[in-house]
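See below for the structure under consideration.
Both backbone and side-chain heavy atoms feed into the values below; hydrogens, waters and symmetry mates do not. Quantities reported herein were computed from a predicted structural model and do not represent experimental measurements.
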Amino acid sequence: MKPFRYERAGSLASACASATEPAAKFIAGGTNLLDLMKLQIEQPTHLVDIGPLPLAEIEETAEGGLRIGARVTNSALAADMRVRRRYPVLSQAILAGASTQLRNKATTGGNLLQRTRCAYFYDTTKPCNKRVPGSGCAALGGLNRMNAVIGVSNDCIAAHGSDMAVAMAALDARVETVAADGATRSIPIDALYRAPGNTPHIETVLAPGELIRSVVLPPPPPGRQLYRKVRDRASFAFALVSVAVVVAVEDDRVRAARVAFGGISYKPWRSDEAEAALIGATVTRASFDAAGRAALRNARGYGHNDFKIPLARRTLRAALADATGVV
């Protein structure tokens, strides 16, 4: 273990100020960061513990949504009756991820910012542009079964691992942040993540010392919500493909639709193409297949993960069928 300084934050302002230092990191649940420190992938010189900060509440908003504090644990969020009744896709997604023990520690803010589970990112003997900029991407020609097929680049094909973020993308969540100078921002979750391009080590739009303090869900969208996850085993496994859908039907036609995928991109992938194909379409498997083709039109496999493209189409079709009752 590399030596580091540990600080318990006394206020939002002091936490942000401390975290502007080079190689400083915020820590809350630590379920991802501590693993990466043990492997010496992350080597912070200063840990700023935000555990003492009052960021662990779920509150109603004036608009009829919810404001979720950054320190709310995954378990607490999934179990909250307001979430279960009004945003069931979020509860379903959280419960599909990790294990009970990890959900008891993992936090809302940390879940959004977890780093990729690409095998080459974790293997310090292999080149990885996300871990060591400019070193290359071993996954491109390697065992890339778990890697992304859309929105990535020739410098990085790592996939984002969050289940929770996929549901939040379908729900149009916004991420509220505060910076060291006191400035605040409200960032659409889709805009939080940066495309890898040729700088895959820069993963979000957050500035040094900028802290996620809450996530805001707007009022629940109309329609049935559902999360479907395909993985190698029934529990404690990352998604090969997952999909969150919100679909409203009237007179056997889709009147409103939201679609977000997990496991196929560098971020939770909201598919405008699938939504456009669905709205106004008749509620049939053929329509669902058309939405899947539209969603994956620009996808590209890299060998071992070619199967993800047809799998994503079928997973969307199955989720939509479940949500609409199509046999």
Side-chain angles (χ1 to χ4, degrees), residues 1-56 68-72 106-116 118 121-122 124 128-135 153 155-156 158 160-162 165 168 173-216 266-268:
M1 180 68 73
K2 300 285 186 180
F4 60 87
R5 185 158 59 96
Y6 172 81
E7 173 188 350
R8 285 177 64 81
S11 66
L12 281 170
S14 66
C16 293
S18 294
T20 58
E21 298 177 9
K25 291 282 185 181
F26 293 119
I27 187 168
T31 57
N32 187 206
L33 178 58
L34 292 179
D35 282 345
L36 295 175
M37 288 174 64
K38 291 173 185 176
L39 294 169
Q40 297 191 15
I41 294 168
E42 292 276 15
Q43 299 183 31
T45 58
H46 186 182
L47 287 185
V48 181
D49 186 353
I50 64 169
L53 301 182
L55 302 173
I68 304 158
R71 288 203 309 108
V72 173
T107 62
T108 298
N111 188 297
L112 295 178
L113 299 180
Q114 65 181 286
R115 306 202 69 187
T116 182
C118 176
F121 174 73
Y122 273 81
T124 56
C128 171
N129 287 320
K130 190 177 286 290
R131 178 168 32 80
V132 182
S135 63
S153 72
D155 285 292
C156 181
H160 196 268
S162 175
M168 287 187 166
R174 299 185 70 89
V175 178
E176 295 184 326
T177 70
V178 59
D181 61 359
T184 61
R185 288 202 283 173
S186 178
I187 307 168
I189 191 169
D190 193 58
L192 175 65
Y193 303 99
R194 284 176 49 121
N198 60 4
T199 56
H201 60 291
I202 306 174
E203 297 176 343
T204 73
V205 299
L206 300 181
E210 189 172 8
L211 174 67
I212 293 177
R213 61 178 181 179
S214 56
V215 176
V216 175
Y266 67 94
K267 65 176 181 177

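- Panel note: side chain Arg71, backbone Leu53; a donor-acceptor pair is recorded below 3.5 Å.
- Pairing each heavy atom of Glu210 with each of Thr177, the nearest pair is OE2-OG1, 2.6 Å.
- Taking CG of Leu39 as the reference point, atom CZ of Phe121 lies at 9.5 Å (rounded to 0.5 Å).
- A donor-acceptor pair under 3.5 Å is absent between the side-chain atoms of Ser18 and the main chain of Ala15, judged by distance alone.
- Side-chain atoms of Leu36 and Tyr122, non-hydrogen and from C-beta on, do get closer than 4.5 Å to each other.
- Of the inter-residue distances, the one linking Arg194 atom CZ with Thr204 atom OG1 reads 8.5 Å to the nearest 0.5 angstrom.
- When atom types are taken as modelled, the side chain of Tyr193 and the backbone of Leu112 share a donor-acceptor pair closer than 3.5 angstrom.
- Atom-to-atom distance recorded for Thr108:OG1 and Leu113:CG is 11.0 Å, nearest 0.5 angstrom.
- For Arg115, the side chain to side chain donor-acceptor pair (under 3.5 Å) partners are Glu42, Glu203, not counting sequence neighbours.
- In this structure, CZ in Phe4 is found 14.0 Å from NZ in Lys25, a value given to the nearest 0.5 Å.
- Partner of Leu211 under the side-chain contact (heavy atoms from CB on, under 4.5 Å) criterion, out of Val48, Ile50, Leu206: Ile50 alone.
- No side-chain heavy atom of Leu55 sits under 4.5 Å from any side-chain heavy atom of Ile212.
- Put simply, NE2 on His160 and NZ on Lys267 are 11.0 Å apart, with the number rounded to the nearest 0.5 Å.
- Separating the OG1 atom in Thr107 from the CD1 atom in Ile27 is a distance of 10.0 Å, to the nearest 0.5 Å.
- Judged by distance alone, with hydrogens and angles left aside, the side-chain atoms of Asn32 form no donor-acceptor pair with the main-chain N or O of Gln114 at under 3.5 Å.
- Summarising the geometry of Lys130 relative to His201, their closest heavy-atom pair is O-CB, 3.5 Å, with the distance given to 0.1 Å.
- Between the Ser135 side chain and the Cys128 main chain, a donor and an acceptor come within less than 3.5 Å of each other.
- Using a 4.5 Å heavy-atom threshold, the side chains of Met168 and Pro268 count as separate.
- Scanning both residues, Cys156 and Pro200, for their nearest heavy atoms gives CB-CB, 3.4 Å.
- Taking all atoms of both residues into account, the shortest heavy-atom contact from Ser14 to Glu7 is O-OE2, 4.4 Å.
- Among all heavy-atom pairs drawn from Thr20 and Gly209, the shortest one is CG2-CA, 3.8 Å.
- Summarising the geometry of Pro22 relative to Thr45, their closest heavy-atom pair is O-OG1, 3.5 Å, with the distance given to 0.1 Å.
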